[in-house]
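All residue numbers refer to positions in the sequence shown, counting from 1. Start at 1 and go down the list; that is how both ligands and their atoms are numbered. We use all heavy atoms of the structure for the numbers below, so side chains are in, but hydrogens, waters and symmetry mates are not. Owing to the predicted nature of the structure, the values given are computational and were not obtained by experimental measurement.
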Amino acid sequence: MKLDVNLSELIACAERMGSFVPDFAVEVAIEDSFELDTSLSSTAGLEIGLDELEIEQGLLGYRGRQVLLFIPDHGSRAGNVLAGRSEGNKFHVADCQKLDEMRSKQRFERYKATYNVSGKFEIFGTLGYRGEDVSGEAELHVCKLCLGYLNYRGYKNSNKAAKDSVYDAFDISEFLSKYSTLFRSMPKREALVDMAGYVDNWKEISRDFRQSHNWSCDHCNVNLQSHPALLHTHHINGVKRDNRPENLKALCIDCHRKQPQHDYMRVTHAQMQELNRLRKEQSLLCQDSWDELIELADTSVTDLLRHYRLKSYAKPVVGHELQADSGEVIAMFELAWPDKQKAIAIDYDAISLGSQYGWRVISVGEAIKRMNQ
Ligand SMILES: [Zn+2]
Ligand SMILES: [Zn+2]
Ligand SMILES: [Zn+2]
């Protein structure tokens with residue numbers, strides 16, 4: 001695929017931003033990765049085969065990145081769908097039973113993958129039966145089986161009205177942010193684009209501000225003096241040039257991404273684990289109520305927690321550390337029931353280490369599967 005993009009300009013832009021340079025430098029094939037991100041972030045998406053789709057913890061991935069799947073071919077409905085009628089194909093966000101069906105019918109090659117967040121998808125077809133060919137961008141909606149499979153925002157266990165409101169409010173960006181810790185790779189472009197709009201000396205302003213807040217998160221209170229990169233300076237009114245102290249807040253990356261209009265932010269699994277390790281060390285991981293558990297757990301397991309609460313499970317511990325016989329911490333479980341030696345983990349190493357120490361540890365994907373049995 002040939003791209004009409006000046007890569008050197010983008011790299012120069014990244015260099016001006018300083019902190020993004022190392023990330024770019026370690027990328028082995030920059031152009032390759034850039035092309036991949038460009039097609040996956042477009043409304044046209046990228047055609048992928050069944051064997052290329054990665055089922056990652058019950059969600060959909062392609063080359064380490066989280067994706068959605070949609071069918072561009074709308075046949076004779078294309079005209080109606082392009083005109084805004086809501087009879088378009090649903091897009092998938094999880095390994096739902098519809099995908100299983102498609103796999104067994106070998107109809108999978110018709111799908112495209114994307115992580116464009118606009119809710120618009122490039123589709124094609126004809127104007128009614130035997131009409132002329134049409135194509136363009138149309139709004140498609142999320143597959144309800146996928147929402148049920150993940151218990152997204154409690155969907156599975158809700159009544160019709162509550163289900164409808166989860167479905168109507170579904171936002172792709174928010175969805176991708178919620179599960180970002182389950183994926184190895186993050187799109188590179190979004191982070192760069194997002195740096196636009198700050199004043200030139202923003203880095204110093206931000207550092208001074210966080211220092212004046214003793215490197216602590218204004219929301220969850222975690223102290224990040226030892227990990228300053230995990231603490232951000234947030235603009236309350238959303239205007240990045242408005243740096244009056246009353247418009248700024250120091251927020252850890254987890255609390256920051258939960259702010260309105262911040263769902264473009266991606267948090268990696270390593271960052272989230274480090275954050276919860278520090279919260280725990282500083283006795284900030286209150287685990288008294290289910291609501292507190294849901295607030296502080298990795299967002300990729302909060303819908304499992306909602307299900308467990310409803311089913312009256314014993315309350316798990318968030319961020320349980322597994323210690324070797326020497327006392328050294330060797331792994332962290334996202335959710336654990338220490339008295340039963342049962343746990344749910346994201347990291348596959350944690351799963352195997354856990355079983356070596358007599359725990360029964362399953363992945364998030366396995367826990368999602370069991371929730372549906
Ligand atoms: Zn689905
Ligand atoms: Zn925080
Ligand atoms: Zn912010």
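When SG of Cys146 and SG of Cys96 are joined through the Zn ion (ligand 1), the resulting angle is 110° to the nearest 10°. At the Zn ion (ligand 1), the vertex angle linking SG of Cys143 with ND1 of His92 is 100° (nearest 10 degrees). When SG of Cys220 and SG of Cys255 are joined through the Zn ion (ligand 2), the resulting angle is 110° to the nearest 10°.
Using a 30° and 60° split on the angle between ring planes, His256 and His262 fall in the tilted class, from 30° to 60°.
When all heavy atoms are compared, the tightest approach of Cys255 to His219 is SG-CD2, 3.5 Å.
Contact annotation: His262 places an N, O or S atom under 2.8 Å from the Zn ion (ligand 3). Taking backbone and side chain together, Cys217 holds an N, O or S atom under 2.8 Å from the Zn ion (ligand 2). Residue contacts to the Zn ion (ligand 2): His256 brings no N, O or S atom closer than 2.8 Å.
Cation-pi geometry between Lys144 and Tyr155 is not met at under 6.0 angstrom from the ring centre and within 45 degrees of the axis.
With respect to Ser300, the side-chain contact (heavy atoms from CB on, under 4.5 Å) criterion is satisfied by exactly one of Leu150, Leu59, Leu182: Leu182.
By the criterion of side-chain heavy atoms lying less than 4.5 angstrom apart, applied directly or through intervening Ile, Leu, Val, Met, Phe, Trp or Tyr residues, Leu251 is not grouped with Leu284; the two fall into different hydrophobic clusters.
Ring centroids of Tyr115 and Tyr62 are separated by 6.0 Å or more, keeping the two rings apart.
Taking the Zn ion (ligand 3) as reference, His234 places its N/O/S atom ND1 nearest.
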